[in-house]
Amino acid sequence: MAAVARLWFWFCLLGLPRGAFAFAPEAAATRWLRTRGAAAGPGDGMNVLFIVVDDLRPVLGCYGDKLVKSPNIDQLASHSVVFSNAYAQQAVCAPSRVSFLTGRRPDSTRLYDFYSYWRVHAGNYSTMPQYFKENGYVTLSVGKVFHPGISSNYSDDYPHSWSVPPFHPSTEKYENDKTCRGKDGKLYANLVCPVDVTEMPSGTLPDIQSTEEAIRLINVMKTNKQKFFLAVGYHKPHIPLRYPQEFLKLYPFENITLAPDPWVPEKLPSVAYNPWMDIRQRDDVEALNVSFPYGPLPDDFQRQIRQSYYAAVSYLDTQVGQLLNALDDAGLSNSTIVVFTADHGWSLGEHGEWAKYSNFDVATRVPLMFYVPGMTTSPVSRGESMFPYLDPFSHILGLVPQGQSKKVVELVSLFSTLAELAGLQVPPVCPEASFHVSLCTEGSSIVRYFNASEEKVKEEKDGCDDTCRCFNEETVAFSQYPRPADTPQWNSDKPKLKDIRIMGYSMRTIDYRYTVWVRFNPNNFSADFEDVHAGELYMVETDPNQDYNIYNNTSHAWFLKKILGFLKH
């Protein structure tokens with residue numbers, strides 16, 4: 001956190017423009033739930049359904065995408081407040097999830113890879129589901145919520161965070177197997193992988209199993225009349241892009257375009273580039289024999305990837321639609337807060353990049369929406385449906401968000417935001433040195449933005465006469481990404497802690513994205529802001545795709561020299 005605090009100081013002075021992975025046995029989990037205590041009273045807060053998606057950028061109808069068919073998520077958005085500028089703290093699964101589930105930034109969780117457990121290597125921090133559990137909620141995890149493996153102690157942080165062992169689909173273990181049928185009839189471990197579901201192991205797919213289990217748990221909780229926090233983690237559109245093949249019909253190949261900027265920007269520092277190694281290791285990509293590190297992939301294959309990503313999003317949408325419809329059927333849509341987000345975004349050829357692993361908006365920006373009965377929408381009457389299932393093959397688009405905020409927000413704020421929405425005491429803000437503090441957050445609640453007038457915010461900003469104070473009150477999002485070297489390496493995308501030599505700290509405001517790549521010492525987790533390896537500055541209004549780095553322009557170089565000189569004294 002000290003590194004982030006120093007970065008705040010810089011920017012103010014710069015004066016820039018504003019094991020338990022096994023199935024939780026169904027019978028055992030059900031017995032446990034049925035033997036719990038009496039129902040909570042009507043004034044004791046709402047249930048929470050927390051939906052987190054893997055690698056989903058905001059390619060959704062409710063975010064203005066004209067191609068992608070996502071009627072069920074759009075329907076949720078039409079009853080929600082939707083944040084159009086929400087950002088993850090690191091564009092890779094485990095660090096991002098641990099960050100927003102603990103309410104701490106990666107520099108505080110000390111997790112930049114997949115290979116440590118924060119309770120052991122950083123501090124014994126409380127998590128969001130743990131906090132709800134300690135406040136009388138039954139907490140349940142289905143699918144990928146915490147990242148599996150060491151980073152969640154091989155248990156998805158059970159029993160700290162969850163009331164029963166988390167559920168993982170039995171078919172999850174086949175995700176990277178050779179289940180994609182090629183034109184020659186043989187099976188491959190491909191990136192692009194539309195499938196006949198009946199031919200898959202057990203005749204199903206992981207996200208289908210997760211939906212079924214989540215619906216079962218909703219019905220158990222309805223019977224028990226207990227307050228619950230149910231987290232559901234969906235895999236798609238994470239690679240491989242394996243989804244029911246019928247969803248390809250929604251996206252005729254001739255309608256698929258390339259990214260608007262499929263080239264590597266001329267002034268992009270080489271340290272900022274990710275060489276998409278996990279993409280290269282898929283059978284269909286490996287067969288293309290593209291050059292390292294910049295490729296590019298053939299145009300038609302780029303279109304195939306984009307087509308399959310969109311198809312996987314529509315498949316995801318059907319799962320979300322079934323889940324929300326089950327909430328309706330159980331009569332719980334009037335008493336359940338629904339949060340929908342993703343752990344980070346995904347590049348679809350922008351800047352010549354694929355996957356995540358960067359500080360660009362396409363990798364860090366995520367969908368984020370909150371449905372709060374009685375707050376973001378009026379309750380439905382008995383017998384009416386808030387979330388009827390919508391078939392993407394027949395539904396006509398047109399639903400718009402109930403409320404939309406352009407405020408820049410961060411996923412690290414989820415913990416405090418959900419606590420406030422549920423009527424719980426909001427955890428305190430962490431002190432600068434917080435490794436010894438079990439309950440605090442480094443993100444502030446964003447509930448205050450739910451009904452905030454954009455005009456009022458502008459008036460307050462325009463009326464501020466203290467430049468530094470105005471700057472500090474401006475909403476910002478911090479992201480970061482580690483690199484092993486100044487140039488792309490085989491491990492640039494996912495360096496292990498011991499190999500990290502450079503950290504890219506990035507700040508996004510409504511006006512610009514500013515990134516400095518500085519020397520990093522993995523032995524003591526320290527960043528040296530006086531050893532700047534490279535920088536990036538993109539002005540959003542004139543360069544929305546972040547293609548033209550103006551960091552090295554004379555005026556900005558002068559600011560950098562000025563701040564470095566100031567820090568040395």
Can you name the closest pair of heavy atoms from [X] and [Y] and give their distance?
X	Y	result
Gln302	Pro262	OE1-CB, 4.1 Å
Ile256	Arg303	O-NE, 3.2 Å
Lys407	Phe83	O-CD2, 4.3 Å
Tyr310	Val59	CE2-CG1, 4.5 Å
Gln480	Met503	NE2-SD, 3.6 Å
Ile500	Pro482	CD1-CB, 3.6 Å

Is the shortest heavy-atom distance from the side chain of [X] to the side chain of [Y] under 4.5 Å?
X	Y	value
Glu536	Arg513	no
Arg242	Thr179	yes
Trp354	Leu191	no
Tyr315	Leu241	no
Asp156	Lys144	no
Asn190	Asp283	yes
Pro275	Asp493	yes
Asp55	Cys93	yes

Test item: [X] side-chain N/O and [Y] main-chain N/O as donor-acceptor pair under 3.5 Å:
X	Y	answer
Asn153	Ser155	no
Ser116	Leu111	no
Asp207	His235	yes
Asn274	Ala355	no
Ser479	Gln90	no
Asn359	Thr515	no

What distance do [X] atom [atom1] and [Y] atom [atom2] have between them, rounded to the nearest 0.5 Å?
X	Y	atom1	atom2	result
Glu175	His238	CD	NE2	8.5 Å
Tyr131	Phe415	OH	CZ	7.0 Å
His533	Arg519	NE2	CZ	7.0 Å
Ile73	Phe340	CD1	CZ	3.5 Å

Between [X] and [Y], a side-chain donor and acceptor under 3.5 Å:
X	Y	value
Ser314	Tyr251	yes
Tyr538	Asp361	no
Ser308	Tyr243	yes
His351	Gln546	no
Thr487	Gln489	yes
Ser108	Glu442	yes

**Asked** Considering the options Asp528, Asn524, Asn523, which one meets the side-chain hydrogen bond (donor to acceptor under 3.5 Å, both in side chains) requirement together with Ser526?
**Response**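 It is Asn524; the other options fail the test.
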**Item:** Glu350/Arg57 salt bridge by N-O under 4.0 Å criterion
**Value:**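 A salt bridge is present here (some side-chain N lies under 4.0 Å from a carboxylate O).
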Could you work out, with side chain to side chain contact (heavy atoms under 4.5 Å, CB included) as the rule, every residue matching [X], not counting sequence neighbours?
X	value
Val540	Arg508
Ser161	Arg119, Thr127, Pro129, Gln130, Phe146, Asp157
Val426	Ser416, Glu420

**Request:** State yes or no: are the ring centers of Phe435 and Phe525 separated by less than 6.0 Å?
**Result:**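 So the answer is no for these two rings.
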**Item:** Full working for salt bridge (Lys or Arg N to Asp or Glu O under 4.0 Å) between Asp54 and Arg97
**Value:** CA-CA 10 Å; Asp54 214 338; Arg97 289 165 186 265; 3.6 Å; yes
**Message:** Before you tell me yes or no, could you show the steps for Asp65 and Leu60 under side-chain contact (heavy atoms from CB on, under 4.5 Å), namely the whole-Å CA-CA distance, both residues' side-chain angles and the distance that decides it to 0.1 Å?
**Reply:** CA-CA 5 Å; Asp65 194 287; Leu60 300 164; 5.8 Å; no
**Asked** Hey, what's the ring geometry for Phe529 with Tyr505, parallel, tilted or perpendicular (30° and 60° as the breaks)?
**Response**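 Taking Tyr505 first and then Phe529, their aromatic rings sit tilted (interplane angle of 30° to 60°).
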**Message:** So for atom NZ, which belongs to Lys178, do other residues, nucleotides or ligands contribute more than 12 heavy atoms lying within a distance under 6.0 Å?
**Reply:**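 Atom NZ in Lys178 is not crowded, with 12 or fewer foreign heavy atoms closer than 6.0 Å.
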**Message:** Other residues, nucleotides and ligands only: do more than 12 of their heavy atoms fall within 6.0 Å of CH2 on Trp490?
**Reply:**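 Counting other residues, nucleotides and ligands, CH2 of Trp490 stays at 12 neighbours or fewer.
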